[in-house]
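Worksheet: one structure, shown below.
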Number of protein chains: 2
Amino acid sequence: MKLTSKGRYAVMALADLARFDNLNPVSLRDISLRQGISLDYLEQIFSKLRKKEIVQSVRGTQGGYILSKKAKDIKLTNIFDAVDEKVKTVQCKKESKKGCNGKSTKCITHNLWDELENHINHFFEEKNLEDLIKENTERRI
Amino acid sequence: MKLTSKGRYAVMALADLARFDNLNPVSLRDISLRQGISLDYLEQIFSKLRKKEIVQSVRGTQGGYILSKKAKDIKLTNIFDAVDEKVKTVQCKKESKKGCNGKSTKCITHNLWDELENHINHFFEEKNLEDLIKENTERRI
DNA sequence: TATAAACCCGACTAAAATAGTCAAGTATCA
DNA sequence: TGATACTTGACTATTTTAGTCGGGTTTATA
């Protein structure tokens, strides 16, 4: 079980953005340099973030991105959702009305994975961007 | 972020085993049929479980596997460990003494992933095989 | 008004991981 | 001695990931 780069990068980039967007839009080029993430890849990620209205774009020279809402109102859940970073534990759910193994009952461990998903999602639900940058600036090395 | 089949299968198979191993060893063939998991793949998984002393093998006809300890004493952590299903969130840790981005500091989100790992591992630490089959037989559909 | 900085978009691709399969054993019971 | 079941290691197809690439369009500013 691992987190993908897309999700990690999205959070890193937004945390960076949240720190620097006080007045002017922040360009992906700057984020790319500061965070060490490929510019092309960042564009893909921000395209998704924009569609889910987490950021707004400003085109043209001196353009870039700004947060659509306050950092406090952007939960990690929202971010992961936007970039399709989902917590997937069971295959079971896919198969329409049947149970997990093609049988008519839930598989032995079905409830376990459900609980796990909830457990993880709860973590993401409780954290927002503001928490993130606060914690970080306080505990900087 | 997703759980791999290896981890899911290991837990499913052990839950199955825990239910049926009262007296005799349980063959992988039976588990394969009941749980719908490829026999060859199960063999790989049980090889690992045996090396970590979670199960014991009984060779020959009427052979199979039995649990090495009581279901109650097998935590999910142990199972995941055995089959190399780890919770990986950060790349950061790999690079020896440097920080995350090749810089000398931790990346903005480093602490977040640490917390997440702990959060998930805590879940696995608290659950054991016995919990699993109890819950399940109680709530069977 | 030309130019450069930036966003925008879709197609493509290399590498890694996953989820197996396959083949050739060895041990044990009946 | 045959059948059942574990043991081991190598091989492989598929899928996912993590990008790259090549073309745009928009807009501030010199």
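Since this is a predicted model, take the numbers as computed values, not measurements. Proteins get letters first, then strands, A, B, ... in listed order; numbering begins at 1 in each.
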note: A:D30, atom CG; C:dC7, atom C1'; distance rounded to Å ~ 14 Å
A:E43, CD atom: more than 12 neighbouring heavy atoms under 6.0 Å: yes
Would you mind reporting whether B:E126 and B:H122 have side-chain heavy atoms less than 4.5 Å apart? yes
Using the side-chain contact (heavy atoms from CB on, under 4.5 Å) criterion, which residues pair with A:N118? Sequence neighbours excluded. none
Could you list all N or O pairs between the protein and nucleotides 15-17 of chain C that sit under 3.5 Å apart?
none

If a pair satisfies ring pair (Phe, Tyr, Trp, His ring centres under 6.0 Å) and one of its residues is in residues 68-89 of chain B, list it, with sequence neighbours excluded. B:F80-B:F124
Partner set under side chain to side chain donor-acceptor pair (under 3.5 Å) for B:S68, not counting sequence neighbours: none
By side-chain contact (heavy atoms from CB on, under 4.5 Å), which residues pair with B:E125, not counting sequence neighbours? B:K75, B:T77
Does B:L42 reach the side chain of B:M12, with side-chain heavy atoms less than 4.5 Å apart? no
Take the protein atom NZ of B:K86 and the nucleotide atom C1' of C:dT18, then report the distance between them rounded to whole Å. 16 Å
Residue pairs involving residues 25-60 of chain B (criterion ring pair (Phe, Tyr, Trp, His ring centres under 6.0 Å); sequence neighbours excluded): B:Y9-B:Y41, B:F46-B:Y65
Sequence neighbours excluded, which residues qualify as side-chain contact (heavy atoms from CB on, under 4.5 Å) partners of B:D73? B:K69, B:K70
Go through residues 55-70 of chain A and report each residue with a non-hydrogen atom lying under 4.0 Å from DNA chain D, sorted by number. A:R59, A:G60, A:T61
Would you please say whether a donor-acceptor pair under 3.5 Å links the side chains of A:S47 and A:R50? no
Taking atom P of C:dG20 as reference, at what distance in whole Å does atom CG of B:D84 sit? 17 Å
Mind checking side chain to side chain donor-acceptor pair (under 3.5 Å) for A:Q62 and listing every partner two or more places apart, or none if nothing turns up? none
Non-hydrogen side-chain atoms of B:F123 and A:L112 separated by less than 4.5 Å: yes
Going 5' to 3' along DNA chain D, between which two nucleotides do contacts with chain A fall, using a heavy-atom cut-off of 4.0 Å? D:dT17 to D:dA28
Please list, in numerical order, the residues of residues 37-45 of chain A that have a heavy atom closer than 4.0 Å to any atom of DNA chain D. A:S38, A:D40, A:Y41, A:Q44
Which residues pass the side-chain contact (heavy atoms from CB on, under 4.5 Å) test with B:D81, sequence neighbours left out? none
